[in-house]
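To find a chain, count down the sequence lines: A is the first, B the second, and so on, and within it residues start at 1.
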Amino acid sequence: MARILITSAIPYINGIKHLGNLVGSQLPADLFARYNRARGHEVMFICATDEHGTPAELAAAKAGRPVADYCAEMHAVQAEIARGFRLSFDHFGRSSSARNHALTQHFAGRLADNGLIREVTEKMIYSVDDGRFLPDRYVEGTCPNCGYDSARGDQCDNCTKQLDPTDLINPRSTISGSTNLELRETKHLYLMQRALKDKLEAWIDSKTDWPVLTTSIAKKWLNDGDGLQDRGITRDLHWGIPVKRGDQPWPGMEGKVFYVWFDAPIEYIAATAEWADANGLDDAAWQRWWRTDKGADDVTYYQFMGKDNVPFHTLSFPATILGSGEPWKLVDYLKSFNYLNYDGGQFSTSRGRGVFMDQALQVLPPDYWRWWLLSHAPESSDAEFTWENFQASVNKDLADVLGNLVSRVTKFAASKFGTTVPAGGSFGPSETALIADLGARIREYESLMQAMEVRKAAAELRAIWVIGNEYLQSAAPWTVVKTDPEQAQAMIRLSLNLIRVYAILSQPFIPDAAATMMAAMGSDDWTWPDDLPQAMRSLAPGQPFSVPENLFRKITDEERADWQQRFAGVRT
RNA sequence: GGCUAGGUAGCUCAGCUGGUUAGAGCACGUGACUCAUAAUCACGGGGUCGGGGGUUCGAGUCCCCCCCUCGCCA
């Protein structure tokens, strides 16, 4: 039994995420977690909300709420939606937790002790009326290059020139519109990533089995231009983790907080500590996942994220870990995803374009979404969601191939032999052949799942469902029953067992339907079919089963057209 | 402008270190079957693998140039 640590990139607290966000990290991470649990491994699956930073403050202000209350509420909302999608986190933490405060301050203290923090005094734009320093992108003004009047402080959207906020003519705050801005000196902490460059590079180079997408991004940041840059890890904000050096005050840094990208990945660790706290366990319980000196040396750590997150997970966070000089667990395999597009364009949170997680669940149950998203995961390139494709995939794969198989077997069995597993006959050559074929396919499925080849694993699972229909079609128990009812009983006994095995194999993708299938077979044995011939005899003759409701319903053309229109424009 | 990944059947995509007639699913056509959610199963039609050069006995698969899409960066 292996020990497997899995983290999904943590979604930002501000608002409900869309399907592109879901398929880029949480959902494939859940698939992998469920699969490894099903194989009997010890799994720790961690996610959290990323709660700090200016956008959270502004969203709270807009809602007229204290930011802490706002975050608590939005965390509860996101947690509920995660449950709705059956995301099987062992813990869904919060980056604003006391655990993360302590750990973030701890890492900063260790980095400082190791001479990897330097203080930098710089001039930043301060908005007197807003009472705060303004991040670059919250300053707007006229572009000195092209004259565009809504250029942002970091870049002009019109001429794409990179800007410094002090370049702007007639600068104003995008928060309040105030032009009462001034330059103020402020002091910040920088993580000296340059000093860690060689260590990081050696570590990246050792990861020869990582996807090109991942290592190429990392190497680009390491080597492009002036190479890896030192990074500011503090901000002049109120909402965040107060800057401390371990548990000691940090002179000169009073009133400042750590930058959200510094504390967010540390939350992976902190959330595991939160898990221990929530379950009444001691520190050793979470440290055995994260500290190689405290039992984590046999842990394999997998991270899942969208490609935009790769630099932080290949460089910034490892810099924090390596720089601490302490034996924390580094990621072993990093699975990154491209983007999911929506109907010819991008999903857009700001414009409400596309389908958001809460809306998806209002329209259809989670299995429908899980199946489509995972079987079309944007692995090798960006992928495209269209309603036509969604409808075709759900109707064909789920309703026709799998759902109908369960339906035809259970209804035939119930009408001919009653609702207990029939005892007659014995498995013949075609049953033996099916079992051999299925066994080979299961091994292929296992190998794809282990390799996190999500789309290919989905295709293999579908092929596994199909051979059930092939078998039935050629065995034709509805014909055989007329001349040799004993043999027909054996065929049905095999088919019922097949449904139970399919429940186990399908569970990582479509957990609700799998549970329905298992319950209908009157079983609770989720043991992975390592021994398939034995597993195909698991349901004993005489054991009762039931005919379930149709597992999946079909999406009609009218529904598709309706949804297509409903989600095209602005979110209401 | 630089970099990454792509451009393969109507659609969504597979094709590892170059090797027999380029694959899958959907859609389409024909047939079989009738247990089932007008489902299933079998067979079939359909592609000059973005364009042009080159290396090779042989290239979708390697090299060069060009065009287009997506993203990141300057």
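A donor-acceptor contact under 3.5 angstrom links the side-chain atoms of A:Asn404 to the base of B:rA36.
When distances run from any side-chain atom of A:His376 to the nucleotides B:rU12, B:rU37, B:rC26, the shortest one goes to B:rU12. When each of B:rG15, B:rC41, B:rA36 is scored by its nearest atom to the side-chain atoms of A:Lys411, the top-ranked nucleotide is B:rA36. Here the nucleotide nearest the side chain of A:Lys396, chosen from B:rU12, B:rA27, B:rC33, is B:rA27. Across B:rA39, B:rA32, B:rA14, the shortest atom-to-atom separation from the side chain of A:Lys456 is found for B:rA14. With distances taken from any side-chain atom of A:Arg455 to the nucleotides B:rC33, B:rA14, B:rC13, the minimum falls on B:rC13.
B:rU30 and B:rC68 have their C1' atoms separated by 39 Å, given to the nearest Å. The C1' atoms of B:rC43 and B:rU48 are separated by 27 Å, rounded to the nearest whole Å. The separation of B:rC3 from B:rG25, taken at their C1' atoms, amounts to 34 Å, rounded to a whole angstrom. To the nearest whole angstrom, the two P atoms, one in B:rG18 and one in B:rC70, are 32 Å apart. Taking atom C1' in both B:rC35 and B:rU40, one finds a spacing of 10 Å when rounded to whole Å. B:rC57 and B:rG52 have their P atoms separated by 23 Å, with the value rounded to a whole Å. Between B:rG71 and B:rA9, the two C1' atoms lie 27 Å apart (nearest whole Å). Taking atom P on both B:rG53 and B:rC13, the two are 30 Å apart, rounded to the nearest angstrom.
Counting only distance, with no hydrogens or angles, the side chain of A:Tyr12 and the backbone of A:His52 share a donor-acceptor pair below 3.5 Å. Checked by atom type and distance alone, the side chain of A:Glu431 pairs as donor or acceptor with a backbone atom of A:Gly428 at under 3.5 Å. No donor-acceptor pair under 3.5 Å is formed between the side chain of A:Trp261 and the backbone N or O of A:Phe312.
Residue A:Lys554 places at least one side-chain N or O closer than 4.0 Å to OP1 or OP2 of B:rA39. Close to B:rC26, at under 4.0 Å from its OP1 or OP2, lies a side-chain N or O of A:Arg462.
Atom-to-atom, CD of A:Gln489 to C1' of B:rC35 comes out at 15 Å; the value is rounded to the nearest Å. With rounding to whole Å, A:Asp557 atom CG is found 12 Å from B:rA27 atom P. The distance from atom CG of A:Leu496 to atom P of B:rC35 is 17 Å, rounded to the nearest whole Å. Rounding to whole angstrom units, CZ of residue A:Phe385 and C1' of B:rC70 are separated by 19 Å. Atom-to-atom, CG of A:Asn395 to C1' of B:rA27 comes out at 13 Å; the value is rounded to the nearest Å. Following rounding to the nearest Å, A:Lys482 (NZ) and B:rU34 (C1') show an atom-to-atom distance of 9 Å. Here B:rC72 presents its P atom at 13 Å from CZ of A:Phe312, a figure rounded to the nearest Å. Taking atom CD of residue A:Gln391 and atom C1' of nucleotide B:rU12, one finds them 15 Å apart after rounding to whole Å.
Remark: A:Arg493 pairs with no residue by the salt bridge (Lys or Arg N to Asp or Glu O under 4.0 Å) rule, at least two apart or across chains.
Side-chain atoms of A:Leu31 and A:Met452, non-hydrogen and from C-beta on, never get closer than 4.5 Å to each other.
Here the options are A:Asp397, A:Asp30, A:Asp512, the test is salt bridge (Lys or Arg N to Asp or Glu O under 4.0 Å), and the partner is A:Arg370; only A:Asp30 passes.
A stacking contact links A:Trp478 to B:rC35: the aromatic ring centre lies within less than 5.5 Å of the base's six-membered ring centre, and the planes differ by less than 30°.
Nucleotide B:rA24 has B:rU12 as its partner under the Watson-Crick or G-U criteria, with both atom distances under 3.5 Å. Base pairing annotation: B:rC3 forms a Watson-Crick or G-U wobble pair with B:rG71, both donor-acceptor distances under 3.5 Å. Pairing for B:rC43 is with B:rG29, a Watson-Crick or G-U wobble pair whose two hydrogen-bonding atom distances lie under 3.5 Å. Base pairing analysis places B:rG60 opposite nothing; no Watson-Crick or G-U wobble pair with both distances below 3.5 Å involves it.
Base engagement by A:Leu551 is indicated by at least one non-hydrogen atom pair under 4.0 Å involving a base atom. Counting non-hydrogen atoms under 4.0 angstrom, A:Arg553 reaches nothing in the nucleic acid. Within the nucleic acid shown, A:Val481 has no heavy atom closer than 4.0 Å to any nucleic acid atom.
A:Tyr268 and A:His313 have their aromatic ring centers within a separation under 6.0 angstrom.
A:Ile442 CD1 to A:Glu444 CD: the interatomic distance, rounded to the nearest 0.5 Å, is 12.0 Å.
In terms of position on RNA chain B, the residue among A:Val401 and A:Phe412 whose nearest nucleotide sits closer to the 5' end is A:Phe412. Of the two residues contacting RNA chain B, namely A:Asn550 and A:Glu470, the nearest-nucleotide position lying further toward the 5' end is that of A:Asn550.
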